[in-house]
Amino acid sequence: MASSLTCAGVIWAILSFLCAAASCVGFFMPYWLLGSQLDKPVSFGTFRRCSYPVRDESRQTTYMVEQCGRYASFQAIPSPEWRICTVVTGLGCGLLLLVALTAMMGCCVSELISRTVGRVAGGIQFLGGLLIGAGCALYPLGWDSEEVRQACGNLSEQFELGTCRFGWAYYCTGGGAAVVMLICTWLSCFSGKKQKQYPY
């Protein structure tokens with residue numbers, strides 16, 4: 001099986017795949033922000049939530065449903081900043097996944113990734129990492145929404161966590177993007193083999 005990648009290219013392909021997987025899993029999981037409400041743990045992602053209050057009108061009480069799910073509609077996401085974060089981070093994850101799968105195919109297909117293609121792929125990865133980084137930076141702007149304030153002891157504001165804390169998924173998403181921007185983009189410059197010149 002012929003490869004179109006150099007040794008640095010194989011490392012780039014594997015690392016790109018791992019970073020894309022970390023960012024995509026972190027983006028999908030609702031554990032970006034951890035708090036509590038009615039003595040039950042609550043967690044938020046950009047478009048998903050675990051544990052939510054439900055009002056029982058017959059008993060005039062509120063209780064927590066302990067299950068995870070996404071918001072019923074895009075407009076139901078608690079803040080406009082989180083909606084933007086969802087779109088921007090999703091696009092970034094899509095770009096990272098596209099490049100990572102192409103790089104993995106380069107391990108098996110000869111003449112798929114040249115030096116130029118590797119550099120373009122690195123540029124796309126850098127853009128994907130920037131988009132995810134922008135999404136992670138926008139996320140704290142939504143902490144002043146009523147839903148988040150209820151889970152954070154009514155003390156959260158933009159860039160102030162209150163009683164909440166960051167969850168592992170936030171670090172996973174941002175960490176994957178940071179490694180892509182700092183290491184994978186650099187490795188992509190050395191990933192492709194020099195193309196053979198065919199005399200015609």
Side-chain angles (χ1 to χ4, degrees), residues 16-98 100 127-182:
S16 294
F17 182 77
L18 293 174
C19 290
S23 289
C24 290
V25 166
F27 171 61
F28 185 73
M29 299 305 281
Y31 301 108
W32 281 40
L33 187 66
L34 308 175
S36 65
Q37 189 174 353
L38 300 176
D39 296 322
K40 300 285 185 187
V42 176
S43 61
F44 298 93
T46 61
F47 64 97
R48 299 182 76 215
R49 175 185 177 150
C50 288
S51 299
Y52 51 91
V54 173
R55 181 83 178 151
D56 186 351
E57 293 299 331
S58 62
R59 296 183 187 167
Q60 296 295 312
T61 59
T62 302
Y63 64 95
M64 294 297 287
V65 175
E66 295 185 67
Q67 55 182 288
C68 298
R70 60 185 163 84
Y71 290 99
S73 70
F74 188 70
Q75 295 303 319
I77 295 174
S79 72
E81 294 87 1
W82 281 14
R83 288 181 216 126
I84 295 168
C85 177
T86 299
V87 171
V88 167
T89 307
L91 283 172
C93 286
L95 289 175
L96 294 191
L97 206 54
L98 176 71
L127 176 63
L130 275 179
L131 288 170
I132 293 171
C136 289
L138 283 171
Y139 190 69
L141 292 172
W143 294 347
D144 61 348
S145 69
E146 188 58 34
E147 240 181 271
V148 176
R149 287 179 58 79
Q150 289 172 357
C152 298
N154 290 315
L155 300 170
S156 68
E157 292 292 334
Q158 290 184 343
F159 295 98
E160 290 182 30
L161 279 170
T163 58
C164 290
R165 66 185 192 282
F166 280 116
W168 65 266
Y170 182 84
Y171 294 114
C172 193
T173 306
V179 171
V180 160
M181 288 175 62
L182 297 173

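Values in this document were obtained by computation on a predicted structure and should not be read as measured data. In what follows, residues are counted from 1 in the order of the sequence shown.
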* Is there less than 2.5 Å between the SG of Cys164 and that of Cys152? -> yes
* Just how far is it from atom SG of Cys19 to atom CG of Leu182, taken to the nearest 0.5 Å? -> 10.0 Å
* From CG (Leu130) to CE (Met181), nearest 0.5 Å -> 4.0 Å
* Are any non-hydrogen side-chain atoms of Ile132 and Cys93 less than 4.5 angstrom apart? -> yes
* Do Phe47 and Phe27 come close enough that some side-chain heavy atom pair is under 4.5 Å? -> yes
* Side chains of Thr62 and Arg55: donor-acceptor distance under 3.5 Å anywhere? -> yes
* Asked: Just wondering, are more than 12 heavy atoms of other shown residues or ligands nearer than 6.0 Å to CZ in Phe28?
  -> no
* Asked: Once you round to the nearest 0.5 Å, how far does CH2 of Trp168 lie from CG of Leu34?
  -> 10.0 Å
* Would you mind telling me which of Tyr31, Trp82, Trp32 makes a ring-ring contact (aromatic ring centres under 6.0 Å, His included) with Phe44? => Trp82
* Structure fact -> Here the gap from Leu38 atom CG to Tyr52 atom OH, rounded to the nearest 0.5 Å, amounts to 14.0 Å
* Atom NZ in Lys40, atom CD in Gln37: separation rounded to 0.5 Å? -> 12.0 Å
* Asked: About how many Å separate OG of Ser79 and CG of Asp144, when rounded to the nearest 0.5 Å?
  -> 7.0 Å
* Whether Ser36 side chain and Pro41 backbone form a donor-acceptor pair below 3.5 Å -> no
* To do: Cation-pi check, Arg49 to Tyr71: give yes when NZ or CZ is under 6.0 Å from the six-membered ring centre and within 45° of the ring axis, no otherwise.
  => no
* Do other residues, nucleotides or ligands put more than 12 heavy atoms under 6.0 Å from the CZ atom of Arg70? -> no
* **Residue pair Leu33 / Tyr170, side-chain heavy-atom distance below 4.5 Å** => no
* Can you find a pair of side-chain heavy atoms, one from Met64 and one from Val42, that are under 4.5 Å apart? -> yes
* For the pair Thr86 (side chain) and Thr46 (backbone), establish whether a donor and an acceptor sit closer than 3.5 Å, ignoring hydrogens and angles. => yes
* So, does Arg48 use its side chain to make a donor-acceptor pair with the main chain of Cys68 at under 3.5 Å? -> no
